[in-house]
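Comments concern the structure below.
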Amino acid sequence: NAAGLFLFLAPTITFQRIINNSSTEQFSGVPYPMTLLNCLLSAWYGLPFVSENNGLVTVINGVGVVIESLYVMVFVMYAPKKEKRKVVWLVVFDVVVFGTVGLVSVFGLVGNARRWFCGLAASVFSVVMYASPLSIMRTVMKTKSVEFMPFFLSLFIFLCSTSWFIFGLLGNDPFLYVCNAFGSLLGALQLVLYAIYKDNTERKVEKQATEESGIGKEMGLVDATKHPEEGKLKLVIPSKNDKV
C-alpha cells in the first residue's frame, strides 16, 4: 500500500510543471484515466462481498480514485483541445465500463462467478493501465530524451507492481500476480530506457540554457557592458578637449 501511494503521488512533480507552465506540453494524458479505471475496478474487486481478505486492495485503490480524479481534472484544464477531447472520452469510457461491471456483478452473478468476473475485469484493465505509458516510451526512443517520462513515476510503477506481484503470489491470487508481473516488467523497461537516454536529456537542457543565455545577450537581457575584471559598469565621461 505504501508503494501504491507513492505511485499515485509520483505525478505531482509533473502536474506542478503543468500548472506552472499552464500547458501539458508533450505529456500524455492517457495514463491518468486508465489508472482511474484500474483503481475503480480493483477497489470493487477488493470489497468483501466480491473477494475475501483483500481489504488492502480496496483501501489503496480507493485513495487512488480520489488522486487520479484530481489529475484528470487538472490535465483537462491545461490540455490542448485534441488531447482534452481524448481524455474526456476516456473518462466516459471509464464510467461505462465500471458501471457495467458493477451492475452485472451485483444483479447477475453470485459467489465465485462474481469474484472471477470482477477479478478478470480488474486484471485486464490493470494491464491496460501498465501498457498506457507505451506511447511515451515510443516518444522516448524517437526523441532519445526522457524529458516527458518522469523518473519517479517509472520507479514507483516498478516498485508497486513488484510488491503486489509478491502479495498475489503469497495469497495465491492470479488476479493480482498475473497483471502485476506485466507491470513489473514494463516498469523495469522504463527504468532501462531512462538509464540509456538520461545523459541525452541533461545535455539537451544544458544546450537550451546556453542558447537562452546567448539570446539574452543579443537582446540586451544580459548586461555585456560590465568590465570583465571588475564586474562593474564602465562609465566614460568625455572631456572638453575630445572631438565630437
Side-chain angles (χ1 to χ4, degrees), residues 1-8 10-11 28 30-69 71-72 89-137 153-190:
N1 272 14
L5 181 60
F6 282 122
L7 171 62
F8 295 140
S28 174
V30 174
Y32 308 107
M34 289 297 96
T35 303
L36 174 60
L37 179 56
N38 173 65
C39 289
L40 288 167
L41 293 173
S42 296
W44 185 262
Y45 172 72
L47 292 173
F49 70 90
V50 177
S51 65
E52 297 179 355
N53 304 318
N54 276 326
L56 289 175
V57 177
T58 296
V59 170
I60 189 59
N61 282 284
V63 173
V65 168
V66 176
I67 295 174
E68 296 300 326
S69 297
Y71 289 156
V72 168
W89 277 112
L90 285 174
V91 172
V92 172
F93 175 75
D94 291 353
V95 173
V96 171
V97 171
F98 178 66
T100 302
V101 171
L103 291 173
V104 171
S105 62
V106 170
F107 297 107
L109 301 170
V110 293
N112 202 44
R114 175 185 293 165
R115 174 177 175 269
W116 274 83
F117 176 72
C118 295
L120 185 61
S123 297
V124 168
F125 286 101
S126 289
V127 172
V128 172
M129 177 193 73
Y130 287 129
S132 59
L134 288 175
S135 59
I136 198 63
M137 291 173 67
L153 182 58
S154 301
L155 175 63
F156 287 116
I157 283 176
F158 175 73
L159 294 178
C160 178
S161 55
T162 301
S163 299
W164 282 110
F165 168 68
I166 296 171
F167 182 82
L169 286 177
L170 294 174
N172 193 28
D173 191 333
F175 299 121
L176 291 179
Y177 66 72
V178 172
C179 58
N180 282 290
F182 177 79
S184 182
L185 175 62
L186 187 62
L189 290 175
Q190 289 184 42

Sequence neighbours excluded, which residues qualify as ring-ring contact (aromatic ring centres under 6.0 Å, His included) partners of [X]?
X	result
Trp89	none
Tyr177	none
Phe165	none

Tell me whether [X] contacts the main-chain N or O of [Y] through its side chain, where contact means a donor paired with an acceptor under 3.5 Å.
X	Y	answer
Ser105	Gly102	yes
Thr58	Leu47	yes
Arg114	Phe49	yes

Please state whether the rings of Phe98 and Trp44 are parallel, tilted or perpendicular, taking 30° and 60° as the class boundaries.
perpendicular
Does the side chain of [Y] come within less than 4.5 Å of [X]'s, by heavy atoms?
X	Y	answer
Val127	Val178	no
Leu5	Val63	yes
Leu109	Val104	yes
Glu68	Leu40	no
Val65	Leu36	yes
Leu41	Leu37	yes
Phe8	Thr35	yes
Cys118	Ser51	no

Within a reach of under 6.0 Å around CZ of Phe117, are more than 12 heavy atoms found that belong to other residues, nucleotides or ligands?
yes
[atom1] of [X] to [atom2] of [Y]: how many Å apart, nearest 0.5 Å?
X	Y	atom1	atom2	result
Tyr45	Leu120	OH	CG	10.5 Å
Leu176	Ser126	CG	OG	8.5 Å
Cys160	Ile60	SG	CD1	7.5 Å
Asn38	Ser123	CG	OG	9.0 Å
Leu186	Asn180	CG	CG	12.0 Å
Phe158	Leu185	CZ	CG	9.5 Å

Step by step, would you call Phe6 with Leu155 a side chain to side chain contact (heavy atoms under 4.5 Å, CB included)?
CA-CA 10 Å; Phe6 282 122; Leu155 175 63; over 6 Å; no
Minimal non-hydrogen separation, Phe156 against Ala10, with atom names:
CD1-CB, 4.0 Å
So which heavy atom on Ile157 is nearest to which on Gly187, and how close?
CG2-CA, 3.9 Å
I'd like to know whether Asp94 forms a side chain to side chain contact (heavy atoms under 4.5 Å, CB included) with Met34, so could you lay out the CA-CA distance, the side-chain angles of the two residues, the decisive distance to 0.1 Å, and finally the verdict.
CA-CA 8 Å; Asp94 291 353; Met34 289 297 96; 3.7 Å; yes
Residue that, paired with Phe167, satisfies side-chain contact (heavy atoms from CB on, under 4.5 Å) out of Asn1, Asn54, Asp173:
Asn54
